[in-house]
Amino acid sequence: GYFLEDFVDMLCNQKLNQSWELLFHHSVVIICFGIAVVLHQYVGFALVALLVEINSIFLHLRQILLMANLVHTTCYRLNSVVNLGTYVVFRIATLAWMTRWLYLNRENVPPATYAVGTVGMAIMTPMNLILFYRLLRSDFFR
């Protein structure tokens, strides 16, 4: 539900050139979660994918602090460190585990579902690595 609501909100309230990456991300997530919901399969895999969203708390807090012009505060600095730590644990490690699981279980997953999962991981992993690089550059290597 969150991804659908956020997708519609961005379509209605933001310019496409500002939100296309997140719209693309949400589209991939909606398709992948949609498979789990419609087929009533791979629900555990989808739940593991939701671990990634734990980091979103700190990404959103970062945005709020930026909008409030609180970049040069202890709160922002602390959030930056926690954001980076949760990013590694809940985004990078989770996506790595999911990619590994998908590869190891390729014989047990129907070809169409495997293809969607593989494409999803092939899209999400680079997107998250690029965002990680941007966060590092912005918050730690100014």
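Note that the coordinates shown come from a computational prediction; the quantities given were computed from them, not determined experimentally.
Residues L84 and I54 fall into different hydrophobic clusters, defined by Ile, Leu, Val, Met, Phe, Trp and Tyr side chains chained together at heavy-atom separations under 4.5 Å. Under a hydrophobic-cluster definition in which Ile, Leu, Val, Met, Phe, Trp and Tyr are linked whenever side-chain heavy atoms come within less than 4.5 Å, directly or via other members, L129 and F140 are assigned to the same cluster. If you chain together hydrophobic residues whose side chains sit under 4.5 Å apart, I64 and V82 never meet in one group. Residues I57 and L50 do not share a hydrophobic cluster, clusters being chains of Ile/Leu/Val/Met/Phe/Trp/Tyr side chains in contact below 4.5 Å. Linking Ile, Leu, Val, Met, Phe, Trp and Tyr whenever their side-chain heavy atoms come within less than 4.5 Å leaves F24 and I130 in two separate clusters.
Between C75 and L65, some side-chain heavy-atom pair lies under the 4.5 Å cut-off. Between V71 and L66, the closest side-chain pair of non-hydrogen atoms falls below 4.5 Å. You'll find the side chain of V28 stays beyond 4.5 Å of the side chain of M127, heavy atoms only. The shortest side-chain heavy-atom distance between Y76 and N69 does not fall under the 4.5 Å cut-off. For the pair N83/L61, no side-chain contact is recorded, criterion being any heavy-atom separation below 4.5 Å from C-beta on.
Environment of CG in N13: crowded, with over 12 heavy atoms of neighbouring residues, nucleotides or ligands closer than 6.0 Å. Residue Y133 places its OH atom among 12 or fewer non-hydrogen atoms of other residues, nucleotides or ligands, all under 6.0 Å distant.
Annotation: the span from H26 atom NE2 to L23 atom CG amounts to 7.5 Å, rounded to 0.5 Å. Atoms CZ and CG, on R62 and L70 in that order, are 13.0 Å from each other to the nearest 0.5 Å. Rounding to the nearest 0.5 angstrom, the gap separating the SG atom in C12 from the CZ atom in F7 is 10.0 Å. Distance check: M67 CE to Q63 CD gives 6.5 Å after rounding to the nearest 0.5 Å. Note that the NE2 atom of H25 and the CD1 atom of I123 stand 10.5 Å from one another [nearest 0.5 Å]. Q14 contributes atom CD, which lies 7.0 Å from atom CG of D9 (distance to the nearest 0.5 angstrom).
The minimum heavy-atom distance between M121 and P126, with the atom names listed, is O-CD, 4.0 Å.
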Side-chain donor-acceptor pairs under 3.5 Å in residues 31-48, sequence neighbours left out?
none

List the atom pairs, with distances to 0.1 Å, where a side-chain N or O of residues 90-109 and a protein N or O form a donor-acceptor pair under 3.5 Å, not counting sequence neighbours.
from: R91; atom 1: NE; to: N55; atom 2: OD1; distance (Å): 2.7
from: R91; atom 1: NH1; to: N128; atom 2: OD1; distance (Å): 3.1
from: R91; atom 1: NH2; to: S56; atom 2: OG; distance (Å): 3.0
from: T94; atom 1: OG1; to: F90; atom 2: O; distance (Å): 3.1
from: T99; atom 1: OG1; to: L95; atom 2: O; distance (Å): 2.8
from: N105; atom 1: ND2; to: W101; atom 2: O; distance (Å): 2.8
from: R106; atom 1: NH1; to: Y103; atom 2: O; distance (Å): 2.5

### Message
Applying side chain to side chain contact (heavy atoms under 4.5 Å, CB included) to L131 and L59, what does each step give before you reach the verdict?
### Response
CA-CA 11 Å; L131 180 56; L59 280 173; 4.2 Å; yes

